[in-house]
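See structure below.
Because the structure is predicted, anything quoted here is derived from the model rather than measured. Chain A is the first sequence line, chain B the second, and so forth, proteins listed ahead of strands; every chain is numbered from 1.
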Amino acid sequence: MGRLHGVQGMSIQKHIERIVIEALLEAQRDGALPTVEPPDPRVERPHNPEHGDFACALPLRLARPMRLSPIAIAERIVERVKTGEGVARVWAVPPGFVNFALDSAWLTARVETILDAGPSYGNVDLGSGRRVQVEFVSVNPTGPLHVGHARGAVFGSALANVLAAAGYDVQKEYYVNDAGNQIDAFGRSILARYAQSYGRDVPLPEDGYRGGYVLELAGDLKAEEGDRFLSMDEAEAAAQLGSLGVRRMIDLIEADMEEIRVVYDEWFSERSLYDNGQYDRTVAMLRNGGHLKERDGATWFASSALGDNEDRVLVRRSGSPTYLAADAAYHMNKFVERGFDRVIDVWGADHQGQVPSMKAVAKALGIDEERLVLLVYQLVTLKRGGEVVRLAKRSGDIVTLRELVDEVGADACRFFFLSRSPESQMEFDVDLAKEQSAENPVYYVQYAHARIAGILRLACERGIDFRGGDVSRLGHEAELALIRKMLQLPELVEQMADALEPHHLPHYSVELAAAFQRFYEQCRVVSSLPEDLDLSMARLRLVDAARTTLARCLDLMSMTAPEQM
RNA sequence: GCGCUUGUAGCUCAGUUGGAUAGAGCGCAGCCCUGCGGAGGCUGAGGCCGUGGGUUCGAGUCCCGCCAAGCGCGCCA
């Protein structure tokens with residue numbers, strides 16, 4: 001483990017933070033600097049390579065409390081920083097930065113640590129095995145997924161990948177709303193189409209689903225179940241058809257998800273909460289806590305007392321629960337029954353208005369605020385032929401997720417959706433996506449991997465066994481730049497897991513691929529000259545490590561890493 | 001009207017808890033193949049970071065006003 005990050009299991013960045021603090025404390029002991037509480041050193045990567053591999057602006061922040069010039073503080077720290085263990089040089093720069101340059105011998109040795117780590121390179125232990133649930137998409141099982149859902153699906157699954165890489169025990173969940181008004185309307189819609197297929201003049205319900213898939217569904221059910229629903233009580237027939245329809249829709253959604261490489265660990269039924277009494281217990285708990293009151297025949301949740309702008313209906317006059325009541329029971333299940341340490345709900349912006357009431361519910365149920373994270377991503381507006389397409393599910397005019405994946409491909413889809421931060425309001429131009437599918441950063445990254453695979457194949461064909469390659473022979477600028485870039489992956493995983501921001505992954509992948517391409521352009525790897533053999537072998541080690549790193553990035557994005565294109 | 005989110009290159013978007021000269025892809029103008037995959041490399045043009053204030057040694061980043069966009073404001077979910 002210690003070899004992975006260099007120094008005693010910690011990253012080089014953490015190591016540098018520590019030696020800065022140590023130098024500062026030493027200067028304070030010497031009386032060279034006044035004794036003030038040292039803030040977080042915040043070692044970061046400078047944009048400009050002239051400023052070294054890492055930089056620290058601590059002296060600038062210490063200037064005021066210490067009543068000294070920043071550069072003087074920087075110099076006194078620099079005098080006491082212990083180099084070695086990867087750090088070759090430390091220097092102070094006006095107005096008061098402390099810069100660090102890594103040792104090139106240490107850098108080249110990282111190639112071996114990457115190869116040792118193999119497919120697990122990039123893993124960090126931030127989570128210590130704590131159990132985290134990521135729940136995402138969870139749209140009503142009353143229709144197929146459309147392009148808008150792809151964003152949530154890609155984001156949620158990539159976030160889960162990142163958290164797993166960061167050492168969390170992650171579960172991906174889909175909450176199936178298999179009860180309530182929407183399901184009721186869905187059942188009545190199927191019944192109408194079903195009856196119509198027998199020539200009955202039955203209109204589609206006012207609040208019904210108009211999509212063509214309902215027609216197909218009714219046809220399928222007719223073929224398999226026959227006409228037995230015609231003689232049944234209407235409500236009963238709608239309920240049964242709805243239930244059958246939902247089951248099929250869940251299968252369809254599951255299959256659609258697989259198209260974009262999303263595989264859930266759990267499909268959680270809302271209905272189960274009513275069947276096993278957890279719903280009743282949760283309502284009783286809220287009541288005992290004094291959070292409920294009766295008004296206009298309905299039961300209200302006093303959420304305004306807990307930070308919400310107004311109270312919400314929890315149980316309708318009819319006795320049926322609102323989504324909020326179900327959500328309360330559902331989250332009790334997550335935290336109490338299943339004992340997750342942390343739960344992340346990924347919601348579309350059309351649900352952002354529910355955030356305050358959900359938080360109020362969590363508070364009322366005694367769930368620690370930090371354990372429940374609600375992430376909201378902005379909806380995708382779809383453009384086609386320059387026109388904005390409405391994404392209303394009931395209108396029936398939708399572009400399904402499956403159509404999109406068939407046209408653009410799962411890899412391009414994932415990369416595209418993942419490279420935007422969730423809060424960006426993106427316009428998805430279907431025509432442009434198809435048009436640019438050949439001229440796309442997706443293929444740039446994958447091409448780099450294929451090219452690497454080609455080089456390794458060639459080495460194999462030439463019979464070069466590079467296992468004993470000596471990486472200390474490396475030292476070309478392009479080689480070091482590539483190693484530096486590869487070294488960032490564990491840091492990135494840590495950062496992404498911490499901030500819950502997987503969208504950095506595609507950007508990093510492009511940078512990594514570019515670093516490789518520049519290396520490839522400048523450094524001949526497989527040479528036919530006998531005197532180059534040692535260097536070739538060292539470079540093949542590097543190329544193999546680059547393959548490892550690039551493949552891991554693609555893996556974290558659930559994208560394929562092609563051997564050839 | 002109120003709330004949440006967002007305004008960065010011609011287009012689509014990054015910009016790590018406030019740090020040094022604001023980046024990438026596409027598009028545009030050029031350059032580079034006697035060797036490993038040209039789906040490549042290099043160079044250039046292109047920016048009042050929506051706008052006006054404020055905080056700070058320092059603001060694309062934090063705070064406030066304004067303008068614009070998306071979403072929400074049901075005993076639907």
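Rounded to whole Å, the separation between the P atoms of B:rU61 and B:rU17 comes to 13 Å. Separation of the C1' atoms belonging to B:rG23 and B:rC4 is 29 Å when rounded to the nearest angstrom. B:rA45 and B:rG30: their P atoms are spaced 15 Å apart (whole Å). Using atom C1' as the reference point in both B:rG46 and B:rA39, the two lie 26 Å apart (nearest Å). Straight-line distance between the P atoms of B:rA68 and B:rC75: roughly 31 Å, to the nearest whole Å. B:rG40 and B:rG58: their P atoms are spaced 44 Å apart (whole Å). Comparing B:rG15 with B:rG60, their P atoms sit 16 Å apart, to the nearest whole Å. The P atoms of B:rG37 and B:rU43 are separated by 25 Å, rounded to the nearest whole Å.
The side-chain ring of A:Phe97 is stacked on the base of B:rA20, judged by centre separation under 5.5 angstrom and plane angle under 30 degrees.
Residue A:Tyr444 has its side chain nearest to B:rG41 when only B:rA77, B:rG41, B:rC13 are considered. You'll find that the side chain of A:Tyr443 is closest to B:rA39, out of B:rG70, B:rA39, B:rG15.
Note: CG (A:Leu505) to P (B:rU16) measures 17 Å, nearest angstrom. With rounding to whole Å, A:Leu379 atom CG is found 13 Å from B:rU6 atom C1'. Atom CZ in A:Phe301 sits roughly 16 Å away from atom C1' in B:rC75 (whole-Å rounding). The nearest whole Å value for the distance from the CZ atom in A:Phe100 to the C1' atom in B:rA20 is 15 Å. For A:Leu62 and B:rG19, the CG to C1' distance is 14 Å, given to the nearest whole Å. Between A:Asp178 atom CG and B:rA77 atom P there is a gap of 13 Å when expressed in whole angstrom units. If you measure from atom CD of A:Gln182 to atom C1' of B:rA77, you get 5 Å, rounded to the nearest angstrom.
Between the side chain of A:Ser303 and the backbone N or O of A:Asp308 there is no donor-acceptor pair closer than 3.5 Å. A distance-only check finds a donor-acceptor pair linking the side chain of A:Ser536 to the backbone of A:Val525 [under 3.5 Å].
Nucleic acid contact class of A:Arg45 (heavy atoms, under 4.0 Å, all strands): base. Counting any heavy atom pair closer than 4.0 Å across all strands shown, A:Gln13 reaches no nucleic acid atom. When heavy atoms are screened at a 4.0 angstrom cut-off, A:Asn48 is found touching base atoms of the nucleic acid. At a threshold of 4.0 angstrom between heavy atoms, the contacts of A:Ala450 include nucleobase atoms, whether or not backbone atoms are also involved. At a threshold of 4.0 angstrom between heavy atoms, the contacts of A:Ala63 with the nucleic acid are absent. A:Arg457 comes within 4.0 angstrom of a nucleotide base, judged by non-hydrogen atoms across all strands. No engagement by A:Asp498 is indicated, since no non-hydrogen atom pair under 4.0 Å with the nucleic acid exists. Among the protein residues, A:Met426 comes within range of the sugar-phosphate backbone only, with heavy atoms under 4.0 Å from sugar or phosphate atoms but none that close to a base. Within the 4.0 angstrom heavy-atom criterion, base atoms lie near A:His47.
Note on A:His503: a side-chain N or O is less than 4.0 Å away from OP1 or OP2 of B:rG15. Using a 4.0 Å cut-off, no side-chain N or O of A:His507 falls inside it from OP1 or OP2 of B:rG23. Note on A:Arg316: a side-chain N or O is less than 4.0 Å away from OP1 or OP2 of B:rA77. Between B:rC42 and A:Arg518, a contact under 4.0 Å exists linking OP1 or OP2 to a side-chain N or O.
Shown here is A:Glu531, whose CD atom has more than 12 heavy atoms of other residues, nucleotides or ligands within 6.0 Å.
Classification of the A:Tyr175-A:Tyr330 ring pair by plane angle, with boundaries at 30° and 60°, yields parallel. Below 30°, between 30° and 60°, or above 60°: for A:Tyr174 and A:Trp267 the angle between ring planes is below 30°, a parallel geometry.
One finds no salt bridge joining A:Arg484 and A:Glu511 here, because no Lys/Arg side-chain nitrogen approaches an Asp/Glu carboxylate oxygen to under 4.0 Å. A salt bridge links A:Glu310 with A:Arg312; the closest basic N to acidic carboxylate O contact falls under 4.0 Å. Taking 4.0 Å as the cut-off between side-chain N and carboxylate O, A:Asp544 and A:Arg541 do not count as a salt-bridged pair. Ion pairing of A:Lys359 with A:Glu369 is absent here, as no side-chain N (NZ or NE/NH1/NH2) approaches a carboxylate O to less than 4.0 Å. Between A:Lys334 and A:Asp345, at least one side-chain nitrogen of the basic residue sits less than 4.0 Å from a carboxylate oxygen of the acidic one, meeting the salt-bridge criterion. Taking 4.0 Å as the cut-off between side-chain N and carboxylate O, A:Glu294 and A:Arg287 count as a salt-bridged pair. Salt bridge absent: A:Arg524 and A:Asp532 never bring a charged side-chain N and a carboxylate O closer than 4.0 Å.
Every residue two or more places apart in sequence or in another chain that forms a ring pair (Phe, Tyr, Trp, His ring centres under 6.0 Å) with A:Phe136 is listed here: A:Tyr264. Residues passing the side-chain hydrogen bond (donor to acceptor under 3.5 Å, both in side chains) test with A:Asn48: none are found, sequence neighbours excluded.
Side chain A:Gln378 to base B:rC71: no donor-acceptor pair is found below 3.5 Å. A donor and an acceptor atom sit less than 3.5 Å apart, one in the side chain of A:Asn99 and one in the base of B:rA20. One donor-acceptor pair, N or O on each side, does fall under 3.5 Å between the base of B:rA77 and the side chain of A:Gln354.
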- Any chance you could encode RNA chain B as dot-bracket? Rule is Watson-Crick or G-U wobble with both distances under 3.5 Å; [ ] for pairs crossing earlier ones, | for another strand. (((((((..((((.....[...)))).(((((.......))))).....(((((..]....))))))))))))....
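Taking every heavy atom of both residues into account, A:Val93 and A:Ile71 meet most closely at C-CD1, 3.7 Å.
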Nucleotide N/O of nucleotides 34-36 of chain B paired with protein N/O under 3.5 Å:
unit_1, atom_1, unit_2, atom_2, d
B:rG35, O2', A:Arg524, NH1, 3.4
B:rG35, O2', A:Arg524, NH2, 3.2
B:rC36, O4', A:Arg524, NH1, 2.9
B:rC36, O4', A:Arg524, NH2, 2.9
B:rC36, O2, A:Val525, N, 3.2
B:rC36, O2, A:Val526, N, 2.7
B:rC36, N3, A:Val525, N, 2.9
B:rC36, N4, A:Tyr520, O, 2.4
B:rC36, N4, A:Cys523, O, 2.9

Enumerate all atom pairs, one protein N or O and one N or O from nucleotides 46-50 of chain B, separated by less than 3.5 Å.
none

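Within residues 417-425 of chain A, the residues having any heavy atom under 4.0 Å from RNA chain B are, by residue number, A:Ser419, A:Arg420, A:Ser421, A:Glu423, A:Ser424, A:Gln425.
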- Message: Let's go through A:Tyr209 and A:Gln182 carefully: what are the C-alpha distance in whole Å and the side-chain angles of both, what is the deciding distance for side chain to side chain donor-acceptor pair (under 3.5 Å) to 0.1 Å, and is it a yes or a no?
- Response: CA-CA 10 Å; A:Tyr209 289 83; A:Gln182 306 282 348; 3.0 Å; yes
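Toward the 5' end of RNA chain B, the nearer of the two residues A:Ala55 and A:Val510, judged by each one's closest nucleotide, is A:Ala55.
Because its NZ or CZ atom is not both nearer than 6.0 Å to the ring centre of A:Phe516 and within 45° of the ring axis, A:Arg518 does not count as a cation-pi partner of that residue.
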